[in-house]
Asker: 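I have a structure here, written as structure tokens, and I will follow up with some questions on it.
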Number of protein chains: 2
Amino acid sequence: MTRDSRGPFAATCPTRHLLDQIADKWSMLALIAIDSAPRRFNALKREIEGISQKVLTQTLRRLERNGLISRSVAPTVPVSVTYAITPLGHSLAVMMETMRTWSIANIDSILAAQSCYDHSRSEAQSLK
Amino acid sequence: MTRDSRGPFAATCPTRHLLDQIADKWSMLALIAIDSAPRRFNALKREIEGISQKVLTQTLRRLERNGLISRSVAPTVPVSVTYAITPLGHSLAVMMETMRTWSIANIDSILAAQSCYDHSRSEAQSLK
DNA sequence: CCGAATCCGGTGGGATACTG
DNA sequence: CAGTATCCCACCGGATTCGG
């Protein structure tokens, strides 16, 4: 965990560092959502189906800490908080969008591979 | 959790489905590693610093199930198992490589944002 | 060498209630 | 509205052992 001269998989390389921070589905989804337009907290919570408010808060904090989104508070009553993408975050979101496109184009191949795999496994199971 | 017509963040859309499967750092690292060249199990374990053999096995199984890598067993003694990338997996790995390039180019910005964020937080802490 | 199986501690994350 | 605080439990993943 100390030597980092052996390539892109050493524990201390930039790739690992980035992956540690944003390689989870909630971060990516939140980034995509905010990239399309600035959003309020509850709007995001409603839009990202299945996320809890606790996890959303944690996710937004981490994205903000990494300089990928910005958080601005309007001193109204009650307070309204808006999250917006930063230039850095947008350049990352572009790649997320590419992945989104890819997933739509290749979902059928993946589903087919899954059912094929599961099918061959259940066969092996039955003749045990 | 049932209606998927409201856009890319509904629980059942392809993006979510893909993210559920591969949006973790180990999957991405393993995919990049295998994409560069076919590998044996222990070679991967040695290369991907910090992963346990249990988690590596789980990760490889999931990638295989999704048709992103292939697993071939050579009937030698002892058995030698080789993992290789599939065309589908390669097309995904290309994007992972793009992210890797991005992370190297932008790691300084991220690190700067982090220390800036942490610094302002510790200030707020001290005058509480 | 490649993996399956078991045990087990830590923690991620859900549910709920409360605050400014 | 936008969180924070607390409880609590499932499951993730590490260590170890065993098998082909």
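Residue numbering restarts at 1 for every chain, and letters A, B, ... go by the order of the sequence lines. Note that the structure is predicted; figures quoted are calculated from it, not measured.
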Asker: From C:dG3, D:dT4, C:dG14, pick the nucleotide closest to the side chain of A:Q53?
Answerer: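 My answer, after comparing the listed nucleotides, is D:dT4.
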Asker: Does OP1 or OP2 of D:dT4 have a side-chain N or O of A:R61 closer than 4.0 Å?
Answerer: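 It does, given that an N or O in the side chain of A:R61 lies less than 4.0 Å from OP1 or OP2 of D:dT4.
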Asker: From B:T15 OG1 over to A:M28 CE, what is the distance, rounded to the nearest 0.5 angstrom?
Answerer: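 Rounded to the nearest 0.5 Å, the OG1-CE separation comes out at 11.5 Å.
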Asker: What is the distance from CG of A:L44 to P of D:dG3, rounded to the nearest Å?
Answerer: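 The distance from CG of A:L44 to P of D:dG3 comes to 10 Å, rounded to the nearest Å.
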Asker: With respect to the side chain of B:K54, which nucleotide from C:dT6, C:dG13, D:dT16 is positioned closest?
Answerer: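 Between C:dT6, C:dG13, D:dT16, the one nearest the side chain of B:K54 would be C:dT6.
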Asker: Can you measure B:R46 atom CZ to C:dG3 atom P for me and round it to whole angstrom units?
Answerer: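 It is 13 Å, rounded to the nearest whole Å.
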Asker: If you compare every side-chain N and O of A:Y83 against the phosphate oxygens of D:dG3 (OP1, OP2), does one of them come in below 4.0 Å?
Answerer: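 Yes, A:Y83 has a side-chain N/O under 4.0 Å of OP1/OP2 on D:dG3.
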Asker: Considering just the side-chain nitrogens and oxygens of A:R40, establish if one lies under 4.0 Å of OP1 or OP2 belonging to D:dC1.
Answerer: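 Answer no for this pair, as no side-chain N or O of A:R40 is under 4.0 Å from OP1 or OP2.
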Asker: From CG of A:L60 over to C1' of D:dG3, roughly how many Å is that when rounded to an integer?
Answerer: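 A:L60 atom CG is separated from D:dG3 atom C1' by 11 Å.
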Asker: Measure from the side-chain heavy atoms of B:V81 and tell me the nearest of C:dC1, D:dG3, C:dG3.
Answerer: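 Shortest atom-to-atom distance from the side chain points to C:dG3.
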Asker: Nearest to the side chain of A:V55, heavy atoms from C-beta on, is which of C:dG13, D:dG13, C:dC1?
Answerer: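 Selected nucleotide (nearest to the side chain): C:dG13.
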Asker: Has B:R71 got a side-chain N or O lying under 4.0 Å from the OP1 or OP2 atom of C:dC2?
Answerer: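 No, no such contact exists.
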Asker: Quick one: B:F41 CZ to C:dA4 P, roughly how many Å, whole number?
Answerer: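 Rounded to whole Å, this separation is 8 Å.
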Asker: When the distance from CD of A:E49 to P of C:dG14 is rounded to whole Å, what number comes out?
Answerer: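 Taking atom P of C:dG14 as the reference, CD of A:E49 is at 14 Å.
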Asker: Taking the side chain as C-beta and beyond, is there a heavy-atom pair between A:R39 and A:I48 under 4.5 Å?
Answerer: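 No; the side chains remain at least 4.5 Å from each other.
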Asker: Is the shortest side-chain heavy-atom distance between B:T57 and B:K54 below 4.5 Å?
Answerer: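 They are not in side-chain contact.
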Asker: Specify the separation, in whole Å, of atom CG of A:D24 and atom P of D:dG13.
Answerer: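 It works out to 12 Å between those atoms.
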Asker: Should B:L63 and B:Y83 count as side-chain neighbours, where that means a heavy-atom distance under 4.5 Å?
Answerer: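 A side-chain contact is absent here, since even the closest heavy-atom pair is not under 4.5 Å.
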Asker: Please pick, from C:dG14, C:dC1, D:dT17, the nucleotide with the shortest atom-to-atom distance to any side-chain atom of A:S52.
Answerer: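 So the side chain of A:S52 is nearest to C:dG14.
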Asker: Send over the distance from B:Q58 CD to D:dC11 P, rounded to a whole Å.
Answerer: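 Computing the B:Q58:CD to D:dC11:P distance gives 14 Å.
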Asker: If I take atom CH2 in residue B:W26 and atom P in nucleotide D:dC12, what distance separates them, rounded to the nearest angstrom?
Answerer: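 In whole Å, D:dC12 P lies 16 Å from B:W26 CH2.
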Asker: Would you say the side chain of B:H17 lies within less than 4.5 Å of the side chain of B:T12, judging by non-hydrogen atoms?
Answerer: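 Heavy-atom side-chain distance check fails, nothing below 4.5 Å.
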